[in-house]
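What follows is one structure encoded as structure tokens, with my remarks underneath.
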Protein chains: 2
Amino acid sequence: MTLSFLTRNRSVLIYGASLAVLLLLMKWLEWHFIIIDHAFELYAGALAIIFTLLGIWLALKLTRPKTNTVIVEKEVIVKTAHFILNEKELQKLGLSKREMEVLQLMAEGLSNHEIAERLFVSLNTIKTHSSKVFEKLEVNRRTQAIDKAKKLNLIP
Amino acid sequence: MTLSFLTRNRSVLIYGASLAVLLLLMKWLEWHFIIIDHAFELYAGALAIIFTLLGIWLALKLTRPKTNTVIVEKEVIVKTAHFILNEKELQKLGLSKREMEVLQLMAEGLSNHEIAERLFVSLNTIKTHSSKVFEKLEVNRRTQAIDKAKKLNLIP
DNA sequence: TTTAAAATCACCCTAAAGTATGAGCCTAAA
DNA sequence: TTTAGGCTCATACTTTAGGGTGATTTTAAA
């Protein structure tokens, strides 16, 4: 607690220390300013300058930064080459409506389980569909199916 | 020009005026502090306090408020025809070279085993890489990773 | 030189994905 | 009305993927 106080109020402590040093300096100066003309004014001027600087420093140290929100527009690159279904290829491969649905959802990154939920059917059904899709596309993994289907413009 | 100077530097002028007033006060005090014990110390202390406050005031007036910029990104859709690597996004996500290679091969439909063979490393290494990729892309399946990476233009 | 990030690999375990096979239901066409 | 194709679901089994942890070695940066 004492330690955290020390660290958190370091600026204030430094200010206090500076004050102490200046008071000592002041005492020392008392000895000397008799022999200089206008020594008092010089002394007062010096004091004024030093404490002004101290005040400035203090203010800069202690003021909290204000938060301000800046809205930055960020570019998101989107492929706009609008998708056109390659119907000839689709017919040639003989993919059914349901199989296409499954294929699309696969391409969106859904798991078989998620696809099943989405289409209100069982996981086994989706497995059957995806197996058929793989057969028809002549692949053996969903990632291959997605890649091939995209290249053939069966899905966006 | 003179007028605008006056308005723009009003703080400085006020400070100057205050200084003048204080110097007068000082002169006046000179008359009196002989009759008070420790009058000099009091005077010096008062000076210190006053100029500290002045310094603080000056600093607050003259410095523009510190701001902590909070960036809120607003997405703006930009259209491009062909693939251009989104390097900003890549940097932001911190995907390493190897992780990008793995990601690309995943997108081409290769299994982890095939990727391992292609890159001449072990299956476990590929698993580690792909796990990192998923972490960084904040997904949990390769199909999601591929989908997201394509949408972010990290891969064609 | 110390630190930090990349890249490599292993082991264990669980979850998903994929294969094979069989079967019931529905609908449109022959 | 038979039939073929599409859709549904199940069981059983294998393979692949993914999560967690820990460790070593390069490489790059501070």
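Chain identifiers are assigned alphabetically (A, B, ...) following the order of the sequence lines, protein sequences preceding nucleic acid strands; residue numbering begins at 1 within each chain. Quantities reported herein were computed from a predicted structural model and do not represent experimental measurements.
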- prompt: Considering only heavy atoms from C-beta outward, does the side chain of V139(A) approach that of V133(A) to under 4.5 Å?
  reply: no
task: Side-chain contact test, heavy atoms from C-beta onward, threshold under 4.5 Å: evaluate it for M100(A) versus L90(A) and give yes or no.
output: yes
task: Look at all strands and tell whether T128(B) reaches a base, only sugar-phosphate, or nothing, counting heavy atoms closer than 4.0 Å.
output: base
task: Taking only the side-chain heavy atoms of K127(A) (C-beta and beyond), determine which of dT8(C), dA17(C), dT8(D) contains the nearest atom.
output: dA17(C)
message: Applying a 4.0 Å non-hydrogen cut-off, can you work out what T125(A) is touching in the nucleic acid: base, sugar-phosphate, or nothing?
response: base
statement: Considering only heavy side-chain atoms of H129(A), the closest of dA17(C), dT8(C), dT8(D) is dT8(D)
message: Without decimals, in angstroms, what is the distance between L123(B) CG and dT8(C) P?
response: 13 Å
message: OP1 or OP2 of dA10(D) versus the side-chain N and O atoms of S122(A): is any pair under 4.0 Å?
response: yes
message: Nearest 0.5 Å, please: how far is CD in E117(B) from CG in L110(B)?
response: 10.0 Å
query: What parts of residues 138-156 of chain A reach DNA chain C, counting only heavy atoms under 4.0 Å away?
result: N140(A), R141(A), R142(A)
- prompt: When rounded to the nearest 0.5 angstrom, what distance separates OG1 in T128(A) from CZ in R98(A)?
  reply: 12.5 Å
field: Axis-to-axis angle between the two ends of the helix from dT1(C)-dA30(D) to dA30(C)-dT1(D) (five base pairs per end, rounded to 10 degrees)
entry: 50°
message: Looking at E114(A) and S111(A), would you say the former's side chain and the latter's main chain have a donor-acceptor pair under 3.5 Å?
response: yes
- prompt: What pairs meet the side chain to side chain donor-acceptor pair (under 3.5 Å) rule with one or both residues in residues 143-156 of chain A, with sequence neighbours excluded?
  reply: N140(A)-Q144(A), D147(A)-K151(A)
task: Give the rounded distance in Å between these two atoms: CD1 of I126(A) and P of dC9(D).
output: 9 Å
field: d(NZ, K97(B); P, dT26(D)) in whole Å
entry: 18 Å
- request: Calculate the interatomic distance between L119(B) atom CG and dA6(C) atom P; express it in whole Å.
  value: 17 Å
task: Please state how far atom CZ in F134(B) lies from atom P in dG19(D), giving the value in whole angstrom units.
output: 7 Å
message: Tell me the interatomic distance from N112(A), atom CG, to dT8(D), atom P, rounded to whole angstroms.
response: 14 Å
- request: Please examine the side chains of L154(B) and L137(B), heavy atoms only from C-beta on, and report whether any two atoms are closer than 4.5 Å.
  value: yes
- request: State, with a plain yes or no, whether a side-chain heavy atom of L119(A) is found less than 4.5 Å away from one of V102(A).
  value: yes
query: Rounded to whole angstrom units, what separation is found between the CG atom of L93(B) and the C1' atom of dA6(C)?
result: 17 Å
message: Assess, by modelled atom type and distance only, whether the side chains of S122(A) and T125(A) contain a donor and an acceptor separated by less than 3.5 Å.
response: yes
field: Salt-bridge contact K132(A)-E135(A) (side-chain N to carboxylate O under 4.0 Å)
entry: no
field: Rounded interatomic separation in angstrom, taking CG from L110(A) and P from dA16(C)
entry: 13 Å
message: Is it the case that the base of dC7(D) and the side chain of S96(A) share a donor-acceptor contact (distance under 3.5 Å, atom types as modelled)?
response: no
statement: Picking from dT11(D), dC7(D), dC9(D), the nucleotide nearest the side-chain atoms of N124(A) would be dT11(D)
